[in-house]
Amino acid sequence: MSTLTFLGAVGEVTGSRYLLEVDGEPRAHKLLLECGMHQGGRDAEGANAVPFGRLATELEAVVLSHGHLDHAGLLPKLVREGYRGPIHCTADTAELLEIMLVDAAFVMAKDVEWENRWRGRAGKPAIEPLYDEDDVALTLSLCEPHGLGRPVQLPGGVTLVFRDAGHILGSAIVELSIPSGGQQRRLVFSGDLGNPDSVLMKHPEKVYDADLVLMESTYGDRDHRPLEETLEEFAQVLEEAHRNGGNVLIPAFAVGRTQEILYHLSVLYHQGRLRQQMVFLDSPMAIRVTELYARKRKSLDPEDLKVLNIAAHGDPGQYLPILRLTRTVEESMAINRIHGGAIIIAGAGMCNGGRIVHHFRYNLERPSTRLVIVGFQAEGTLGREIIDGAERVRVLGEDLAVKARVHTLGGFSAHAGQRQLIGWAGAFHGQPRFYLVHGEPGAQLALQGALAESGIDAEIPTYRQRIEL
């Protein structure tokens, strides 16, 4: 029998990784579904550093649902340790990976350089990054891009088909037809399912046939607030910040969330409701991703683009004329001379690094500042500390009082909410086996109960649990 082993995103949102061992003679064919990075705190660093061991050279193929680092961020480490097989992904994901992984290697190098200075002073041996830009270049050369809906033959007689997940550019639901015990078994992995209410992405595709389903559960314990209400609150926060003379800080993920926030700011601008005169996109990676989205307009929702095209009279350059792209460190530092009237969008999305923490140094202790949280904040991150009500936080070695007003706007999520997850799961014919992944324990238990009420039994796997297909 073919088997599946859960190696990540079990009882947590990040670190996606699943090992598929397919019937074969004289040995099983090993395929890896996802190769994600753990995110959030020191435990994540330790988990990311664990060697792949023999797996790196035994794998025959890797399949990737999309380009977020919690799904793809350890690919160059796998390659560094000896993997040389194909990495199957969608064509848009392949282009996105070029931005994501190069940036990850750059940030990692800077972090290691900083760490080694401290270790040198303490008489400790230097450490190495998980991977470098050479590893990334080799990883990108192994990527094999595919279109949606087109069957791809993998080792061991496995057939792969990608379906639109509607989450970020290039995101896919993964369908695998797998030989097992003399039969063909169908495994469907949801990847990250998009929120149908969010803009720019098309709706996630429904899939109807499966024997086994791995489904994400990030927001399994709640439904998102209606987008209209979220947008109205967003507009009111911006108006209040303008009246009080403060800046607005928006920590945003470079892929997906940043582009969505820019879309909504553009709409508010053309409605005459955006009083600020400066919007800074202060993230080199987010700038490159936004430019990629602009080039990939055919992959985006045409109805959403139509709204902007009408408002801007067909000129993309007029979508948001007050937008300023700050690529260099000097340009980023100059923003901190502005004490009010600016909207600053910067990474990292969970506030665990990047340029946003520098803006915290200059803005977090000001009561006039508005901090707008628009994305999921994992356990162990600075963003989670703040939304959990911390009155003081440690930022770049300084102890800062959180005097800024904090607004959490969950309606912007690019993930499906509980009701949408149940709707997607309910489309399958028959009774496939469901396993809930990519969720914190509370969210998974809540979704498991809600699915049961809809007549769907779902299991919550444990780390290294191995199941037969």
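Numbers here are sequence positions counted from 1.
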Trainee: Strictly below 4.0 Å, N to O, side chains only: are R257 and E260 in salt-bridge contact?
Mentor: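 Judged by the 4.0 Å cut-off on N to carboxylate O distance, R257 and E260 do form a salt bridge.
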Trainee: Are any non-hydrogen side-chain atoms of L169 and L200 less than 4.5 angstrom apart?
Mentor: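 A side-chain contact under 4.5 Å is absent here.
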Trainee: Determine, stepwise, if the pair E113 / R117 fulfils salt bridge (Lys or Arg N to Asp or Glu O under 4.0 Å).
Mentor: CA-CA 6 Å; E113 180 183 353; R117 285 180 191 170; 3.1 Å; yes
Trainee: Looking only at heavy atoms, what is the nearest atom pair of L249 and I356, with distance?
Mentor: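 Looking at all heavy atoms of both residues, the closest pair is CB-CD1, 4.3 Å.
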Trainee: Would you compute the distance between atom CE of M215 and atom CD of Q444 and round it to the nearest 0.5 angstrom?
Mentor: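 Interatomic distance, M215 CE to Q444 CD, rounded to 0.5 Å: 10.0 Å.
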Trainee: Let me see the working for D192 and H71 under side-chain hydrogen bond (donor to acceptor under 3.5 Å, both in side chains), right down to the final yes or no.
Mentor: CA-CA 9 Å; D192 284 350; H71 291 256; 3.2 Å; yes
Trainee: Flag the pair E239 / R275 as yes when at least one side-chain heavy-atom distance between them is below 4.5 Å, and no otherwise.
Mentor: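 With C-beta onward as the side chain, the pair touches.
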Trainee: When you look at CZ of R392, are more than 12 heavy atoms from neighbouring residues, nucleotides or ligands closer to it than 6.0 Å?
Mentor: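 Yes, the 6.0 Å shell around CZ holds more than 12 heavy atoms from other groups.
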Trainee: May I ask you to test the Q420-D197 pair for a side-chain heavy-atom distance under 4.5 Å?
Mentor: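 Heavy-atom side-chain distance check passes, below 4.5 Å.
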Trainee: Would you mind reporting whether V22 and P155 have side-chain heavy atoms less than 4.5 Å apart?
Mentor: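 No, side chains not in contact.
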Trainee: Check the orientation of Y435 and F6. Use parallel for under 30°, tilted for 30 to 60°, and perpendicular for over 60°.
Mentor: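 Because their plane-to-plane angle lies in the 30° to 60° range, the rings of Y435 and F6 count as tilted.
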Trainee: So which heavy atom on G349 is nearest to which on P251, and how close?
Mentor: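 Closest approach of G349 to P251, heavy atoms only: O-CB, 3.9 Å.
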Trainee: Under a plain distance cut-off of 3.5 Å, with no hydrogens placed, do T381 and N352 share a side-chain donor-acceptor pair?
Mentor: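 Their side chains do not contain a donor-acceptor pair, so the 3.5 Å distance test is not met.
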Trainee: If we ignore angles and hydrogens, is there a donor and acceptor under 3.5 Å between the side chains of H359 and D282?
Mentor: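 H359 vs D282: donor-acceptor pair found between side chains.
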Trainee: Could you walk me through whether R80 and D134 pass the salt bridge (Lys or Arg N to Asp or Glu O under 4.0 Å) test, one step at a time?
Mentor: CA-CA 9 Å; R80 186 184 184 101; D134 289 340; over 6 Å; no
Trainee: Check the pair L382, F360 against side-chain contact (heavy atoms from CB on, under 4.5 Å), reporting the backbone distance first and the verdict last.
Mentor: CA-CA 11 Å; L382 176 57; F360 278 2; 3.9 Å; yes
Trainee: Specify the closest pair of heavy atoms between A105 and V136, including all atoms of both residues, with the distance to one decimal.
Mentor: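 The pair with the smallest heavy-atom distance is CB-CG2, 3.9 Å.
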Trainee: Once you measure the plane-to-plane angle for H415 and Y219, does it fall in the parallel (<30°), tilted (30-60°) or perpendicular (>60°) bin?
Mentor: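 Rings of H415 and Y219: tilted, 30 to 60°.
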Trainee: Does some side-chain heavy atom of L154 sit less than 4.5 Å from a side-chain heavy atom of L176?
Mentor: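 SC-SC contact between L176 and L154 confirmed.
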Trainee: Do the non-hydrogen side-chain atoms of N247 and F280 ever get within less than 4.5 Å of each other?
Mentor: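 Side-chain contact under 4.5 Å: no.
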Trainee: Establish, from distance only, whether the side-chain atoms of N244 and S368 form a donor-acceptor pair under 3.5 Å.
Mentor: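 Distance-only check fails for N244 and S368.
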Trainee: Aromatic contact between Y83 and F52, with the criterion being ring centroids under 6.0 Å apart: yes or no?
Mentor: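 No; F52 has its ring centre 6.0 Å or more from that of Y83.
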Trainee: Just wondering, do I99 and V255 contact through their side chains at under 4.5 Å, heavy atoms?
Mentor: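 No, side chains not in contact.
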Trainee: Does the pair E60 and R27 meet the rule for a salt bridge (Lys or Arg N to Asp or Glu O under 4.0 Å), with working shown?
Mentor: CA-CA 12 Å; E60 295 179 56; R27 59 180 179 81; 3.7 Å; yes
Trainee: Any side-chain heavy atom of L227 sitting closer than 4.5 Å to one from F412?
Mentor: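 A side-chain contact exists here, since the closest heavy-atom pair is under 4.5 Å.
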